[in-house]
Structures are given as structure tokens and as C-alpha cells.
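Have a look at the structure below, then the notes.
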Amino acid sequence: EKGSTRPVMLMHNTDDPTASVPDSVKPAMAKLVEETRAISARTKAKSTGPWTEVRIDRTNHGHFSDLTLIYKPDTTKLLSARRAHEIINAYTLAFFDRHLRGKKDVVTPTFPEAKVEERP
């Protein structure tokens with residue numbers, strides 16, 4: 001795998017995807033999660049361009065689509081779809097403004113649910 005000379009944005013959920021699968025599938029799911037995290041780490045390490053990584057607490061894979069708008073998550077455990085999309089949109093727009101539109105004064109959003117790591 002190669003890194004990138006161009007800007008890269010990575011967004012991740014923070015739930016444990018192995019928690020909701022049958023025991024027979026847990027080892028395979030754990031391996032996939034491990035591989036995904038390793039790919040993200042290698043991409044960041046090998047990239048010479050700027051990158052931003054955002055981890056959003058109390059989200060799962062479905063939050064990064066419109067799935068949670070249709071199948072509402074249990075908000076006692078997970079963020080509401082609307083809140084997750086508000087956070088995802090804010091970081092995405094800031095990244096695009098900075099790297100596609102070339103705006104120099106873009107401030108990275110801050111949300112208590114999000115942890116951001118950046119290399120400008």
C-alpha cells in the first residue's frame with residue numbers, strides 16, 4: 001500500500017462490531033477490524049500530504065450512510081442519526097473547504113463526541 005501526496009480524510013466509528021455478531025463470526029469480524037485499522041495506520045504513515053482522521057464516539061458503520069435515518073439506532077447507546085450526520089457533515093465540509101476550495105482560514109470543527117488527529 002502507498003500513502004498519498006494529496007489530502008486524505010479518514011472517518012471511523014467507535015463501536016465494537018464484534019459485539020453484535022454471532023460467536024461463530026466474531027473471529028472473522030475481529031480480523032477485519034484489525035486489518036481496517038492497520039490500513040488506516042499505514043495510509044497515514046506513508047502519506048506525504050495532509051491527512052485528517054476523525055473518530056466519532058457512539059457511532060457504528062451505519063451512521064456513515066442514511067441507514068440510521070431509516071433504522072433508528074438505540075440512542076441510549078448510540079448517537080442519533082441526525083447528530084452523527086451533523087458531525088460528519090461539519091468535518092467533511094471543513095476538509096473540502098480547506099483542501100478543495102483552498103480556504104486558508106478554515107477552523108477544524110469541535111464536537112465533544114469526536115476525536116480528531118491531523119497532519120496539515
Side-chain angles (χ1 to χ4, degrees):
E1 290 154 29
K2 296 180 180 179
S4 177
T5 59
R6 296 182 178 178
V8 173
M9 178 177 231
L10 303 165
M11 283 198 182
H12 301 286
N13 59 333
T14 58
D15 81 328
D16 176 6
T18 64
S20 61
V21 297
D23 288 344
S24 62
V25 180
K26 284 186 190 295
M29 182 63 79
K31 179 77 172 157
L32 286 172
V33 170
E34 179 184 322
E35 288 177 13
T36 300
R37 289 180 180 151
I39 289 168
S40 292
R42 284 192 304 271
T43 298
K44 291 180 346 186
K46 293 182 177 187
S47 290
T48 57
W51 54 259
T52 301
E53 183 174 34
V54 181
R55 295 185 182 280
I56 304 174
D57 290 340
R58 298 179 56 220
T59 58
N60 63 28
H61 187 75
H63 281 92
F64 294 89
S65 71
D66 59 0
L67 185 64
T68 54
L69 294 169
I70 299 164
Y71 300 103
K72 307 278 186 205
D74 176 357
T75 55
T76 61
K77 297 177 183 175
L78 297 170
L79 283 184
S80 72
R82 299 250 181 247
R83 179 63 174 171
H85 287 182
E86 174 187 4
I87 295 167
I88 292 164
N89 288 341
Y91 286 107
T92 302
L93 290 174
F95 182 84
F96 286 172
D97 280 346
R98 182 180 296 127
H99 297 293
L100 294 179
R101 298 178 79 194
K103 292 184 174 183
K104 302 292 182 207
D105 59 346
V106 176
V107 176
T108 299
T110 56
F111 291 90
E113 300 93 340
K115 289 160 188 64
V116 179
E117 186 181 356
E118 293 183 289
R119 184 178 69 201

Go through the steps to decide whether Glu53 and Glu117 satisfy the test side-chain contact (heavy atoms from CB on, under 4.5 Å), and finish with yes or no. CA-CA 5 Å; Glu53 183 174 34; Glu117 186 181 356; 3.7 Å; yes

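- Looking at every heavy atom in both residues, Ala84 comes nearest to Thr59 through CB-CG2, 4.3 Å.
- Interatomic distance, OG of Ser4 versus NZ of Lys44, reported as 14.5 Å (0.5 Å rounding).
- Atom NZ of Lys26 sits in a crowded spot, with more than 12 heavy atoms from other residues, nucleotides or ligands closer than 6.0 Å.
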Please report the C-alpha distance between Arg82 and Leu69 in whole Å, then the side-chain angles of each, then the deciding distance to 0.1 Å, and finally whether the side-chain contact (heavy atoms from CB on, under 4.5 Å) criterion is met. CA-CA 8 Å; Arg82 299 250 181 247; Leu69 294 169; 3.8 Å; yes

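- Considering all non-hydrogen atoms of both residues, Gly3 and Ser47 come closest at CA-OG, 3.5 Å.
- Between Thr92 and Met11 there is a side-chain heavy-atom pair separated by less than 4.5 Å.
- Using modelled atom types, one side-chain atom of His63 and one backbone atom of Leu79 make a donor-acceptor pair closer than 3.5 Å.
- Rounded to the nearest 0.5 Å, atoms OG1 (Thr68) and CG (Asn60) are 7.5 Å apart.
- Atom-to-atom distance recorded for Phe111:CZ and Ile56:CD1 is 9.0 Å, nearest 0.5 angstrom.
- Test Arg55, Arg83, Arg58 against Glu113 for side-chain hydrogen bond (donor to acceptor under 3.5 Å, both in side chains) and you get one pass: Arg83.
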Before giving the answer on side-chain contact (heavy atoms from CB on, under 4.5 Å), spell out for His99 and Val106 the whole-Å C-alpha distance, their side-chain angles and the decisive distance to 0.1 Å. CA-CA 10 Å; His99 297 293; Val106 176; over 6 Å; no

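- Leu78 and Val21 fall into different hydrophobic clusters, where Ile, Leu, Val, Met, Phe, Trp and Tyr side chains are chained together by heavy-atom contacts under 4.5 Å.
- Minimum interatomic distance between Ser24 and Pro27 (heavy atoms only, all atoms of both residues): O-CD, 4.0 Å.
- Around NZ of Lys72, the count of heavy atoms belonging to other residues, nucleotides or ligands within 6.0 Å exceeds 12.
- Atom NZ of residue Lys115 and atom CG of residue Asp57 lie 3.5 Å apart, to the nearest 0.5 angstrom.
- A donor-acceptor pair is defined here as one N or O able to donate and one able to accept, closer than 3.5 Å; no such pair exists between the side chain of His85 and the backbone of Phe64.
- Annotation: the span from Thr43 atom OG1 to Trp51 atom CH2 amounts to 11.0 Å, rounded to 0.5 Å.
- Remark: Arg119 CZ is packed, more than 12 non-hydrogen atoms of other residues, nucleotides or ligands lying under 6.0 Å away.
- With Ser40 contributing its side chain and Arg37 its backbone, the two residues share no donor-acceptor pair below 3.5 Å.
- The minimum heavy-atom distance linking Pro73 with Ala81 is given by the pair CG-N, 4.3 Å.
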Passes side-chain contact (heavy atoms from CB on, under 4.5 Å), Tyr91 versus Val116? Steps please. CA-CA 9 Å; Tyr91 286 107; Val116 179; 3.4 Å; yes

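- Taken together through direct or relayed side-chain contacts under 4.5 Å among Ile, Leu, Val, Met, Phe, Trp and Tyr, Met9 and Leu100 form part of one hydrophobic cluster.
- No hydrogens or angles considered: a donor-acceptor pair under 3.5 Å links the side chains of Thr108 and Glu118.
- Rounding to the nearest 0.5 angstrom, the gap separating the CD atom in Glu34 from the OG1 atom in Thr18 is 12.0 Å.
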